[in-house]
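If you're wondering where the values come from, they're calculated on a predicted model, not measured in any experiment.
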Amino acid sequence: MPDPTPAQPQPLIGYSQPPAGFARQAQAQTQTQVRRRRVARMMVVGSAVGALLLTVLAWRVLDAEGRGDRRDTTGSSASTTGPEGRSSDSARDSSSDSSESSDSSNSSGSAAPGAGEPTAGAASPSSASSQQPRPEPYPLVMLDAKNSVNLRNPDAEAKGRTGDIRFGCQSIGCELESDTSVFLQLYGKPGGTLDECRRMLKHRKNHRLPLAGAANGSEICIKGPSGDIALFVISTKSTAMPDIAFLQGALTIWREAA
């Protein structure tokens with residue numbers, strides 16, 4: 001038999017390991033590239049900002065020069081037209097002064113003949129205010145079946161039932177009555193006035209006023225025998241029990257206003 005062939009070992013086939021300094025060189029190159037890119041970006045940004053600043057500066061310089069030119073033209077036009085404008089203004093002022101003086105002399109001359117003469121039909125404010133009667137308020141006036149009230153002096157207690165205004169309950173709802181005074185109840189919105197009472201009472205002759213349709217807040221116009229006009233505003237009406245019924249309210253009187 002032949003002799004066996006001796007086996008010879010073969011080297012392993014695979015990737016060779018890089019040298020030890022290769023990784024450091026690659027890392028250094030990468031960092032260098034990053035720095036270069038960063039520097040390039042900063043240069044681009046700096047150049048853009050510089051160009052923008054130069055543009056703004058140039059615009060401001062041009063704007064300042066334009067303003068200076070406008071001031072120069074304005075000043076020159078004002079200096080050329082100034083004296084003429086002043087002369088025309090002074091002429092207008094003098095003419096207006098002369099016209100005003102002539103108008104004032106004419107008005108004084110026309111007013112002089114009629115000065116001191118009163119105008120026909122005109123009345124002074126003092127006389128007009130004296131002719132208008134003043135209201136006399138009596139905020140608390142009470143009437144029942146035993147008393148009465150005189151328009152001449154409502155605060156003074158009248159003897160028994162001898163006053164101008166009396167309150168009674170001979171009918172349902174009670175009533176106001178008088179021998180000399182005239183009554184009229186106002187309807188509608190509250191706020192009766194002297195003129196309204198005077199107009200409504202002009203041709204009235206009712207000496208008795210039933211209170212069935214009256215309530216708290218109702219207004220009653222009264223005309224006394226001496227020409228006094230009164231407005232009675234009911235604040236409390238109690239007529240449910242005729243024996244103790246009463247009427248309370250505020251009375252306003254205008255003397256000799258009829």
From [X] atom [atom1] to [Y] atom [atom2], the distance as rounded to the nearest 0.5 Å:
{"X": "Ser171", "Y": "Glu177", "atom1": "OG", "atom2": "CD", "result": "9.0 Å"}
{"X": "Asp179", "Y": "Thr162", "atom1": "CG", "atom2": "OG1", "result": "10.0 Å"}
{"X": "Gln33", "Y": "Thr30", "atom1": "CD", "atom2": "OG1", "result": "6.0 Å"}
{"X": "Gln248", "Y": "Ser235", "atom1": "CD", "atom2": "OG", "result": "4.5 Å"}
{"X": "Ser47", "Y": "Leu52", "atom1": "OG", "atom2": "CG", "result": "11.5 Å"}
{"X": "Arg134", "Y": "Leu194", "atom1": "CZ", "atom2": "CG", "result": "14.5 Å"}

Per side-chain contact (heavy atoms from CB on, under 4.5 Å), Tyr138 is matched among Thr252, Leu251, Val149, Leu151 by Leu251
Heavy-atom count check: over 12 atoms from other residues, nucleotides or ligands less than 6.0 Å from Glu136 CD? yes
What do you reckon, is CD of Glu256 surrounded by more than 12 foreign heavy atoms closer than 6.0 Å? no
I want to check something: taking the side chain as every heavy atom from C-beta on, are [X] and [Y] in contact at a cut-off of under 4.5 Å?
{"X": "Leu231", "Y": "Trp254", "value": "yes"}
{"X": "Met241", "Y": "Asp243", "value": "no"}
{"X": "Ile220", "Y": "Leu176", "value": "yes"}
{"X": "Ile222", "Y": "Ile229", "value": "no"}
{"X": "Ile165", "Y": "Leu143", "value": "yes"}
{"X": "Leu209", "Y": "Leu184", "value": "no"}

For residues [X] and [Y], report the shortest heavy-atom separation together with the two atoms involved.
{"X": "Leu201", "Y": "Phe183", "result": "CD2-C, 4.3 Å"}
{"X": "Pro154", "Y": "Arg255", "result": "CD-NH2, 4.4 Å"}
{"X": "Ala230", "Y": "Ile253", "result": "CB-CG1, 4.0 Å"}
{"X": "Ala245", "Y": "Cys169", "result": "CB-SG, 3.6 Å"}
{"X": "Gly160", "Y": "Ser148", "result": "O-OG, 3.1 Å"}
{"X": "Leu186", "Y": "Cys197", "result": "CD1-SG, 4.3 Å"}

Determine yes or no for a side-chain-to-main-chain donor-acceptor pair under 3.5 angstrom, with Asn147 supplying the side chain and Glu157 the backbone. no
Do the side chain of Glu219 and the main chain of Val233 share a donor and acceptor less than 3.5 angstrom apart? no
side-chain contact (heavy atoms from CB on, under 4.5 Å) evaluation trace for Leu140 with Met142: CA-CA 7 Å; Leu140 186 59; Met142 185 172 180; 5.8 Å; no
Applying side-chain contact (heavy atoms from CB on, under 4.5 Å), run through Ile234 and Leu247 and close with a yes or a no. CA-CA 7 Å; Ile234 299 175; Leu247 194 67; 3.8 Å; yes
Salt bridge (Lys or Arg N to Asp or Glu O under 4.0 Å) contacts touching residues 190-211 (sequence neighbours left out): Glu175-Arg208, Asp195-Arg198
Chi angles and distances behind the side-chain contact (heavy atoms from CB on, under 4.5 Å) call for Thr55, Leu53: CA-CA 5 Å; Thr55 303; Leu53 291 176; over 6 Å; no
Hey, are Arg152 and Asp164 close enough for a salt bridge, meaning a charged N less than 4.0 Å from a carboxylate O? no
